[in-house]
Novice: 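Questions regarding the structure given below will be posed in turn.
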Amino acid sequence: MDNKKVYVISGPTAVGKSAVAIQLAKKIDGEIVNCDSVQLYKYMDIGSAKPSEAELNEVPHHLFSIVNPDYKMTVATYQKLAFAIIDNILERGKTPIVVGGTGLYLNSIIYEMDFAGDSKDSERRKELEEMAEKMGNKYMHDYLSGIDPETASKIHPNNIRKVVRAIEAYEAGDGIKSLDTCPMNDRYDFEFYALTMEREWLYDRINRRVISLVKAGLIEEVRKLLAMGYTVELPSMKAIGYKEIAAYLAGETDKLEAVKLLMRNTRRYAKRQITWLKRYDDVKWIEIQKGDTIGDVVDRMLEG
RNA sequence: GCCCAGAUAGCUCAGUUGGUAGAGCAAGGGACUGAAAAUCCCUGUGUCCUUGGUUCAAUUCCGAGUCUGGGCA
């Protein structure tokens, strides 16, 4: 393929990525590739703020609603799926537009991240988790220091999830690599954009969106998922919007409390996304101003 | 109109026997290679309502004022 241009549109939740991407796709004959960990799941439409049915039909959308909520998704799997569809789009002479706010998944496309090794059976992980439960975080971290001091030095002992994963990875013979040792993926020419807006405005949009999601039937959606047997233990059901509403349905909080938590957690998530995006030096930031139309934003990207 | 209480961080409030202050929540900053909307780390934000007085020193004590509650008329 001669043209290897791939657009990437990221940014915090609720900034308006989807709408901008659709507009861009129309303009450049592009196709959208999802890079949002929750929108990969079926039945999780409202809470994950997926594009509407009408929007999905406006231009081709890929990797939305492709697995059941109990599917054990990993970055490695996502990467494989994403590369396959990106190549497919390019072969057909169209332009892929990767859209989403899941930083790690973004990395798996933009950087040369090698996930060649087998995915590990979860037995060992479970064992390590039980060990952590019994012996404590410090013990596990010390253990990691014994076998892989370099990795251990980069992980806080309290971040037991990462400690466990590091032990698991070490035992499997791969270890964990860090991003700074990782070259850019040069198979494609990336046009990497991050949308932002003034923090206060973004938070206001988030708060409003939460209300509109609830009005659109979020509670019913969560009730249905639970009825289908997708319990709160599943990673998918720990996503923002699902965990808070599930807690409400279980009687752990009242409705108002659940909505407030949902707003707060979404705000915090947006903040973490912004922090993540700041690490890239080759990202072009586009600050959306009040009064900008979606077309204005797209134009700025194409000028850019 | 009179009486009482309050006024301190974005919010709710604690506190300073007089030496310019701290909790919770909200917030800010950061990390990140197979769960990532996950997981984890760090941080405190101030005309202590205004104004006189006493004092070496007042956010703290006293007086007046303003505002906000509550009560009595």
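Naming: A, B, ... by sequence-line order, numbering from 1 per chain.
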Novice: Restricting to non-hydrogen atoms, name the atom on A/Gly241 and the atom on A/Val222 that form the minimum distance, rounded to 0.1 Å.
Specialist: O-CG2, 4.2 Å
Novice: Residues in side chain to side chain donor-acceptor pair (under 3.5 Å) with A/Arg268, at least two apart?
Specialist: none
Novice: Quick check on contacts: within residues 266-277 of chain A, what sits under 4.0 Å from RNA chain B by heavy-atom distance?
Specialist: A/Arg267, A/Arg268, A/Tyr269, A/Lys271, A/Arg272, A/Thr275, A/Trp276
Novice: Counting only side-chain nitrogens and oxygens, does A/Thr102 get under 4.0 Å of the OP1 or OP2 atom of B/A36?
Specialist: no
Novice: Is the distance from OP1 or OP2 of B/C25 to the nearest side-chain N or O of A/Arg264 less than 4.0 Å?
Specialist: no
Novice: Below 3.5 Å is the cut-off: list the nitrogen or oxygen pairs between protein and nucleotides 41-45 of chain B, distance only.
Specialist:
from, atom 1, to, atom 2, distance (Å)
B/C41, OP1, A/Asn158, ND2, 2.8

Novice: Indicate the atoms forming the closest heavy-atom contact of A/Phe115 with A/Gln79, along with that distance.
Specialist: CD1-OE1, 3.1 Å
Novice: Pick the P atom in B/U66 and in B/G30, then give their distance to the nearest Å.
Specialist: 48 Å
Novice: Rounded to the nearest Å, what distance is computed from the CG atom of residue A/Leu144 to the P atom of nucleotide B/C40?
Specialist: 17 Å
Novice: Using the P atom in both, what is the distance from B/G65 to B/G10, to the nearest Å?
Specialist: 29 Å
Novice: Describe the nucleic acid contact of A/Leu104 in one word from base, sugar-phosphate, nothing, applying a heavy-atom distance below 4.0 Å.
Specialist: base
Novice: Take atom P in B/A31 and the same atom in B/U8, then report the distance between them in whole Å.
Specialist: 37 Å
Novice: Distance check needed: B/G34 P versus A/Met113 CE, whole Å only.
Specialist: 7 Å
Novice: Could you check whether the side chain of A/Asn159 and the base of B/A31 have a donor-acceptor pair of N or O atoms closer than 3.5 Å, going by distance alone?
Specialist: no
Novice: Kindly say whether, by distance alone, the side chain of A/Asn107 makes a donor-acceptor pair under 3.5 Å with the base of B/U33?
Specialist: no
Novice: Counting just side-chain N and O atoms, does A/Lys278 come under 4.0 Å of either OP1 or OP2 of B/G30?
Specialist: yes
Novice: Under the side chain to side chain donor-acceptor pair (under 3.5 Å) definition, can you give me all pairs with a residue in residues 106-115 of chain A, not counting sequence neighbours?
Specialist: A/Asn107-A/Tyr280
Novice: Kindly write out the residues that satisfy side chain to side chain donor-acceptor pair (under 3.5 Å) with A/Thr293, not counting sequence neighbours, or none if the list is empty.
Specialist: A/Asp296
Novice: Could I get the full list of ring pair (Phe, Tyr, Trp, His ring centres under 6.0 Å) partners for A/Phe64, not counting sequence neighbours?
Specialist: A/His61
Novice: On the nucleotide B/G28, are OP1 or OP2 found under 4.0 Å from the side-chain N or O atoms that A/Tyr203 carries?
Specialist: yes
Novice: May I ask you to say what A/Ser178 touches in the nucleic acid, namely base, sugar-phosphate or nothing, with a heavy-atom cut-off under 4.0 Å?
Specialist: base
Novice: Determine which pairs satisfy side chain to side chain donor-acceptor pair (under 3.5 Å) with at least one residue from residues 7-19 of chain A, sequence neighbours left out, and list them in order.
Specialist: A/Thr13-A/Arg209
Novice: Using the C1' atom in both, what is the distance from B/A57 to B/U20, to the nearest Å?
Specialist: 11 Å
Novice: Using the P atom in both, what is the distance from B/A36 to B/C42, to the nearest Å?
Specialist: 25 Å
Novice: So does A/Met301 get a backbone contact from the side chain of A/Tyr193, meaning a donor-acceptor N/O pair under 3.5 Å?
Specialist: yes
Novice: Take atom NZ of A/Lys177 and atom P of B/U33, then tell me their distance rounded to the nearest Å.
Specialist: 12 Å
Novice: With sequence neighbours left out, write down each residue that passes side chain to side chain donor-acceptor pair (under 3.5 Å) with A/Lys80, or none if nothing qualifies.
Specialist: none
Novice: Rounding to a whole Å, what distance do you find between A/Met73:CE and B/A35:C1'?
Specialist: 12 Å
Novice: Dot-bracket for RNA chain B, 5' to 3', counting Watson-Crick or G-U wobble pairs under 3.5 Å, with [ ] for crossing pairs and | for inter-strand pairs?
Specialist: (((((((..((((.....[..)))).(((((.......))))).....(((((..]....)))))))))))).
Novice: For A/Arg208, I'd like to know if atom CZ has over 12 heavy atoms of other residues, nucleotides or ligands within 6.0 Å.
Specialist: no
Novice: How is A/Asn265 classified with respect to the nucleic acid when contacts are heavy atoms under 4.0 Å: base, sugar-phosphate, or nothing?
Specialist: nothing
Novice: Taking only residues at least two apart or on different chains, which pairs with a member in residues 211-220 of chain A satisfy side chain to side chain donor-acceptor pair (under 3.5 Å)?
Specialist: A/Glu220-A/Arg223
Novice: Carefully, step by step, assess A/Asp36 and A/Tyr41 under the rule side chain to side chain donor-acceptor pair (under 3.5 Å).
Specialist: CA-CA 10 Å; A/Asp36 180 307; A/Tyr41 295 108; over 6 Å; no
Novice: Any side chain to side chain donor-acceptor pair (under 3.5 Å) pairs touching residues 232-255 of chain A, not counting sequence neighbours?
Specialist: A/Glu221-A/Tyr242, A/Thr231-A/Glu233, A/Glu244-A/Asn265
Novice: Mind checking if A/Tyr71 touches a base, just sugar-phosphate, or nothing, with heavy atoms under 4.0 Å?
Specialist: nothing
Novice: Taking the same atom, C1', in B/A58 and in B/C49, what whole-Å distance lies between them?
Specialist: 15 Å
Novice: Expressed as a whole number of Å, how far does the P atom of B/G24 sit from that of B/C62?
Specialist: 31 Å
Novice: Rounded to the nearest angstrom, tell me the gap between atom CD in A/Glu257 and atom P in B/C25.
Specialist: 12 Å
Novice: Taking CD from A/Glu112 and C1' from B/U33, how many angstroms apart are they, rounded to a whole number?
Specialist: 13 Å
Novice: Using the C1' atom as the point on both nucleotides, what is the distance between B/A7 and B/U47, in whole Å?
Specialist: 14 Å
Novice: Looking at RNA chain B, which of residues 237-244 of chain A put a heavy atom within less than 4.0 Å of it?
Specialist: A/Lys238, A/Ala239, A/Ile240, A/Lys243
Novice: Before accepting this row, confirm whether a basic side-chain N of the pair A/Lys94/A/Asp29 lies closer than 4.0 Å to the acidic partner's carboxylate O.
Specialist: yes
Novice: Is the shortest distance from a Lys or Arg side-chain nitrogen in A/Glu257 or A/Lys260 to a carboxylate oxygen in the other one below 4.0 Å?
Specialist: no
Novice: Are A/Glu303 and A/Arg300 ion-paired here, with the side-chain N under 4.0 Å from a carboxylate O?
Specialist: no
Novice: How is A/Val38 classified with respect to the nucleic acid when contacts are heavy atoms under 4.0 Å: base, sugar-phosphate, or nothing?
Specialist: base
Novice: How close or far is atom P of B/U33 from atom OH of A/Tyr111, stated in whole angstroms?
Specialist: 13 Å
Novice: Answer with base, sugar-phosphate or nothing: what part of the nucleic acid does A/Tyr78 contact at a heavy-atom distance below 4.0 Å?
Specialist: nothing
Novice: Considering only B/G34, B/A37, B/U33, which nucleotide approaches the side chain of A/Arg165 most closely?
Specialist: B/G34
Novice: Given that A/Ala49 and A/Met263 both sit by RNA chain B, which one's nearest nucleotide is further toward the 5' end?
Specialist: A/Met263
Novice: Given B/G34, B/G29, B/U39, which nucleotide is nearest the side-chain atoms of A/Val75?
Specialist: B/G34
Novice: Rounded to whole angstroms, how far apart are CD1 on A/Ile160 and P on B/C40?
Specialist: 10 Å
Novice: Report, as yes or no, whether the 6.0 Å neighbourhood of atom NZ on A/Lys224 holds more than 12 heavy atoms from other residues, nucleotides or ligands.
Specialist: no
